[in-house]
Amino acid sequence: MRKIMVLLVLQVCLGVVGKAHAALDKDSAEAKLGERLFLETRFAQFFAANCGGNFNATLNAGDPVMAVLVKPDGTIPGPFAGQSMNCRACHLVGDAAQTPGGGFRTYADFARRSPIPFRIEDGLTLTPRNSPSLVNGLLNLSSKRTLHFDGEFPTITDLIKGTLTGRNFGWLPDESGAALHHIAQVIRRDNGSGQLAQDSGGAYRDVFAASGAVDEEFKIPEQYQLDVMKASDAEILDAVAKLMAVYVHTLQFQVTPGGTFVGSPYDVFLKKNGLPQQPKGRKSDLVYARDFRARLAALSNPQFVTEADGKLANHNGQPFVFGPKEMQGLQIFLSEPMAGNSSASVGNCLACHAPPRFTDFGFHNTGATQEEYDFIHGEGAFMKLVIPSLNDRMQNPDAFLPATAAHPKATGVFRSIPIAGDARQTDLGVWNIYANPDMPTAQKHILASLNLKHADPETALTRCIGAFKTPGLRDLPDSAPFLHTGRMDTLTDVLHFYQRFSTAARLGAVRNADLEIAKINISEDDVDALEAFLLSLTEDYD
């Protein structure tokens, strides 16, 4: 009962400011059912259109998008070939570990942008953004919490419901009602014959009701139980989302019961040297990082980490080490500009990526959208792009904003992948969500995250241009390629990007640049050390 209550508090009371907390029980019945739903391939529009009304059918041919996994350099066989879309297709773990050319993932895929089911009505085949890792994605419990790169969803259950009934699962914006009914019917009519069901307790109607037909290990607690044969479609989707949220909450890197990260060479280095591993009391991550920087500078005889301290089994021979180069990179990472010392190396990374979580869960414009747009249209093109005012956008939402159920024919030109043939198309990030009347629940969280509560609406909209959510930095090798554009294949590429755009920001050549970007000042030697440090945050995750 105590474990259940802790789980409920963490799920429901998300307004409480929280730091890293101990991992939830992946083996609980509710987490197992959440994972089953995460893997479920019958919720997609392709299955609805091809199952002939048989919700337990084996498809004659799967959705073509599931046949392969796309990588920057080609394709490999997909683990869900012959089926239709599920959440795992974009958030892999060991699914392709044994596939030639594959490997482990930390709940991300291999693509620059994730493939989605084709619909002739809109012609889309890709998500507008790279798929981020889900691991540690729900550590932030503050009132500034938002999810997705642009903050569209204020809660994980909102995100899940939006995904299952949205374009990633093949549903068009005006098909949300059909999607809702179809998902509910899959739950009601599942007969337990599928492999997922056989491995996870049987038919959904029995598992959701925790009936006597279900083995004890799969009986979910009362607060998650539902009679799906009597429940409405909306009640079923709510129950599905809550259970999937439990599962996603369990996706954390290794932590102690007290919430201390322990899995990477960096974490072992801190422990070996008696350095503080997480904030104490109500200290913010940023305050902790500055205190930690001082402690690190005072360390006279550092005890480095060698392969005698651990091993990385899933990373192609990457050594489990934290040595002098990694320490140098850490010091650059934590450094901030000092008055009167313009020549010093300054990473200023802690401004957005303060340890131990290595993300502020906020929104920043690093220039990634501009980099891609200018690569296609020429240097300086993004600075000249005509972006509508708030009034113009409100007068004609179909011309500028993403498609929704209320505006199913909207073009979404500013939430698109840029192409050479159309200079209008780009991705402005939070700009698409702020003051969007079709997304009212996201507004207060975005205003809080960007500290725009007291800004006039037009200024606030301008400050949203190109702003995207800060990703975490743990186990980066298993989530490449990088940035929301997926354009950077290696950490070296990412660091060179920051070299270029920090210089451009100081020259006023980055549109709506985050103020912290201009403070970065790193050399080529610094890039080498920073990459070594970032690799020291790697750990095995399965």
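On a predicted model such as this, the values are computed, not experimentally measured, just so you know.
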Heavy-atom pair with the smallest gap, counting every atom of A313 and D540: N-OD2, 2.7 Å
Pair R36 + D190, salt bridge at N-O below 4.0 Å: yes
Enclosure of D73 CG (heavy-atom neighbours >12, cutoff 6.0 Å): yes
Intermediate values then yes/no, side-chain contact (heavy atoms from CB on, under 4.5 Å), F497 and M488: CA-CA 8 Å; F497 161 77; M488 305 298 156; 4.2 Å; yes
Stacked cation flag R88 on F80, 6.0 angstrom / 45 deg: no
Evaluation steps, side-chain contact (heavy atoms from CB on, under 4.5 Å), between L476 and L537: CA-CA 8 Å; L476 287 173; L537 295 173; 5.9 Å; no
Pairwise side-chain contact, P128 with S416, heavy-atom cut-off 4.5 Å (strictly under): no
Cationic tip of K469 above F361 ring, under 6.0 Å, 45° of axis: no
Heavy-atom check, side chain of L226 versus side chain of I236, under 4.5 Å: yes
Closest non-hydrogen atom pair, T127 against N168: CG2-OD1, 3.6 Å
Check: F253 main-chain N/O paired with N136 side-chain donor or acceptor under 3.5 Å: yes
Note: K161-D238 ion pair, threshold 4.0 Å (strictly below): yes
Residue pair Y373 / P418: nearest heavy atoms and the distance that separates them: CD1-CB, 4.3 Å
Can I get a per-line list of side-chain donor-acceptor pairs under 3.5 Å for residues 177-187, giving both atom names and the distance, sequence neighbours left out?
unit_1	atom_1	unit_2	atom_2	d
H181	ND1	D233	OD2	2.8
H182	NE2	R42	O	2.7
Q185	OE1	R188	NH1	2.9

Contact summary for F400 and T411, nearest pair of heavy atoms: N-OG1, 3.9 Å
Exercise: do Q252 and Y541 side chains pair donor with acceptor under 3.5 Å: no
Under 3.5 Å: donor-acceptor pair, side chain of D63, backbone of V65: yes
Any donor-acceptor pair under 3.5 Å from S449 side chain to H445 backbone: yes
Within-4.5 Å side-chain heavy-atom neighbours: L251 and Y107: yes
Euclidean distance, Y247 OH relative to F38 CZ, rounded to 0.5 Å: 5.5 Å
N130 to F149 - nearest heavy-atom pair and separation: O-CE1, 3.2 Å
Interatomic distance, S84 atom OG to L59 atom CG [nearest 0.5 angstrom]: 5.5 Å
Residues which pass side-chain hydrogen bond (donor to acceptor under 3.5 Å, both in side chains) with N396, listed by chain and number, not counting sequence neighbours: none
Residue pair F46 / P117, side-chain heavy-atom distance below 4.5 Å: no
For T157, all residues meeting side-chain hydrogen bond (donor to acceptor under 3.5 Å, both in side chains), sequence neighbours excluded: T155
Partner set under side-chain contact (heavy atoms from CB on, under 4.5 Å) for A57, not counting sequence neighbours: C51, N54
Under 3.5 Å donor-acceptor, S133 side chain and T106 backbone: yes
With S264 via side-chain hydrogen bond (donor to acceptor under 3.5 Å, both in side chains) - residues at least two apart: D267
Donor-acceptor pair between Q318 and T538 side chains, under 3.5 angstrom: yes
Side chain to side chain, L473 and L534, heavy atoms closer than 4.5 Å: yes
CZ-OG distance between R105 and S479, expressed to the nearest 0.5 angstrom: 6.5 Å
Flag, side chain of D493 to backbone of T490, donor-acceptor distance under 3.5 Å: yes
Main-chain N/O of G202 paired with D206 side-chain donor or acceptor, under 3.5 Å: no
Minimum side-chain heavy-atom gap F218-K32 below 4.5 Å: yes
I220 backbone acceptor or donor facing Q225 side chain under 3.5 Å: yes
L147 versus G137, closest heavy-atom pair with distance: CD2-O, 4.2 Å
T404-D438 side chain donor-acceptor pair, cut-off 3.5 Å: yes
Heavy-atom side-chain contact between L450 and V430 under 4.5 Å: yes
N/O donor-acceptor pair under 3.5 Å between K71 side chain and G102 backbone: no
ring-ring contact (aromatic ring centres under 6.0 Å, His included) between H353 and F358, worked out: CA-CA 4 Å; H353 295 283; F358 291 99; 8.1 Å; no
Side-chain (T41) to main-chain (M85) donor-acceptor, under 3.5 angstrom: no
Gap between atom CD1 of I446 and atom CD1 of I433 - 0.5 Å precision: 6.0 Å
Heavy-atom side-chain contact between E40 and N86 under 4.5 Å: no
For F414, ring pair (Phe, Tyr, Trp, His ring centres under 6.0 Å) partners two or more places apart: W431
Criterion salt bridge (charged side-chain N to carboxylate O under 4.0 Å, His left out) on R113 and E372, from CA distance to verdict: CA-CA 13 Å; R113 289 175 165 98; E372 181 175 43; 2.8 Å; yes
Straight-line distance of R393 CZ to I387 CD1, nearest 0.5 Å: 11.0 Å
Residues H484 and T369: side-chain donor-acceptor under 3.5 angstrom: yes
Q98, CD: over 12 other non-hydrogen atoms inside 6.0 angstrom: no
Note: R112-D489 ion pair, threshold 4.0 Å (strictly below): yes
Donor-acceptor contact below 3.5 Å, side chain Q443 vs main chain M439: yes
Heavy atoms of other groups near R119 CZ, more than 12 under 6.0 Å: yes
D427 and R129 ion-paired at < 4.0 Å: yes
Carboxylate-amine/guanidinium proximity below 4.0 Å for E35 and K26: no
Residue pair V135, D475: steps toward the side-chain contact (heavy atoms from CB on, under 4.5 Å) verdict: CA-CA 9 Å; V135 183; D475 200 29; over 6 Å; no
Cationic N near anionic O, under 4.0 Å, D150 to R415: yes
Nearest-0.5 Å distance, CG of residue D227 to CD of residue E235: 10.0 Å
